Amino acid sequence: MSAIVELRHVSKRYGRTTVLDDVSLSVEEGDIVAVIGPSGAGKSSLLRIVNQLERHDAGELLIDGVAVDPDERPARKAALRAGVGMVFQSFNLWPHRTAIENVMEGPRTVLRMPRAAAEERAVALLERVGLVDHRDKFPSQLSGGQQQRVAIARALAMQPRVMLFDEATSALDPALVRDVLDVMTALAVERMTMLVVTHEMRFARDVADRIVFMAAGQILEEAPPARFFDDPQHPLARGFVASTAQRA
Ligand SMILES: Nc1ncnc2c1ncn2[C@@H]1O[C@H](COP(=O)(O)OP(=O)(O)OP(=O)(O)O)[C@@H](O)[C@H]1O
Ligand SMILES: [Mg+2]
């Protein structure tokens with residue numbers, strides 16, 4: 001079986017700062033991988049490279065078995081990126097479009113889907129994230145948690161091969177976190193392939209198949225959740241688990 005996302009010895013630097021240092025990672029179809037680690041570890045950089053919002057300097061990135069050249073032509077880059085759904089901490093919805101228009105936009109413009117078909121897909125997805133009754137509201141009329149669920153529906157509308165989440169719940173009021181995590185958990189149960197950067201240790205432990213622990217641009221440990229949280233091996237992983245346990 002080939003991986004949906006594969007990084008082979010990927011490195012990335014900004015000037016003299018190395019943000020990813022020889023990172024290799026393979027995410028198979030149906031894998032739920034949680035990426036955790038301290039601030040500045042390179043977690044967002046990793047996702048941004050997988051989604052080709054940033055280019056890598058060295059190593060190889062393969063999406064669905066196809067090698068991605070960092071110097072890819074923009075049109076081809078867009079086609080490859082369509083297979084990768086991304087959800088950010090900051091929702092990033094189009095403010096002047098309603099919920100359903102936000103979800104329909106990608107299928108309409110990128111996939112050239114007819115309006116009726118795009119609308120049908122969007123309604124089904126808004127139903128799935130529990131927001132079909134809010135379909136005609138603008139982002140400013142929705143709570144943060146609702147906006148984030150629209151953002152998830154919008155990413156799913158492209159029928160991606162993998163979903164990337166970058167601290168999707170970090171900007172939310174605690175009371176709104178649960179609804180978003182529930183949607184993510186439902187996707188995991190359906191075996192959507194997912195690469196999830198999160199500070200929600202409970203979610204990582206309960207939902208992920210694998211924990212990837214990063215610090216200083218490197219993957220220092222990779223293990224099933226129970227093994228990782230009960231018996232972290234790397235000293236930095238041990239410190240990290242101890243500090244998050246204290247906060248929980
Ligand atoms: N555009 C940029 N220019 C220069 N340095 C950058 C840029 N983006 C990120 N960095 C640096 O790269 C390193 C990794 O950043 P990254 O955002 O990937 O970390 P992170 O693990 O996502 O952290 P956090 O948990 O705070 O979100 C940091 O030292 C950061 O300052
Ligand atoms: Mg980050």
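A quick note: this is a predicted structure, and the numbers were derived from the prediction, not measured. No hydrogens, no waters, no symmetry mates; every other heavy atom, side chains included, goes into these values. Counting starts at 1 for both ligands and their atoms, following the listed order.
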- Item | E120 atom CD: more than 12 heavy-atom contacts under 6.0 Å |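 No.
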- Query: Would R191 and E29 satisfy salt bridge (Lys or Arg N to Asp or Glu O under 4.0 Å), going step by step from the backbone distance to the final call?
  - Reply: CA-CA 8 Å; R191 288 282 130 195; E29 185 155 28; over 6 Å; no
- Query: Which one of I100, L142, L131 satisfies the side chain to side chain contact (heavy atoms under 4.5 Å, CB included) criterion with K137?
  - Reply: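 For K137, the side chain to side chain contact (heavy atoms under 4.5 Å, CB included) check succeeds only for L142.
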- Task: Please tell me if the side chains of V5 and L25 come closer than 4.5 Å, counting only heavy atoms from C-beta onward.
- Result: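 Side chain of V5 against side chain of L25, heavy atoms only: no contact under 4.5 Å found.
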Which heavy atom in [X] sits nearest to a heavy atom in [Y], and how many Å separate them?
{"X": "A155", "Y": "P160", "answer": "O-CD, 3.4 Å"}
{"X": "L164", "Y": "L47", "answer": "CD1-O, 3.7 Å"}
{"X": "S170", "Y": "H199", "answer": "OG-CD2, 4.0 Å"}

- Message: D230: which residues meet the side-chain hydrogen bond (donor to acceptor under 3.5 Å, both in side chains) condition with it, sequence neighbours left out?
- Response: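 If we apply the side-chain hydrogen bond (donor to acceptor under 3.5 Å, both in side chains) test to D230, skipping adjacent residues, the hits are R205.
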- Query: Any idea how many protein N, O or S atoms are nearer than 2.8 Å to the Mg ion (ligand 2)?
  - Reply: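 Considering protein N, O and S only, the Mg ion (ligand 2) has 1 within range.
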- Query: If you count only heavy atoms, which residues are under 4.0 Å from ligand 1?
  - Reply: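 Contacting ligand 1 under 4.0 Å are Y14, V19, P38, S39, G40, A41, G42, K43, S44, S45, E167.
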- Item | Connected-component partners of M158 among ILVMFWY, side-chain separation under 4.5 Å |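 Members besides M158, by chain and number: V110, L111.
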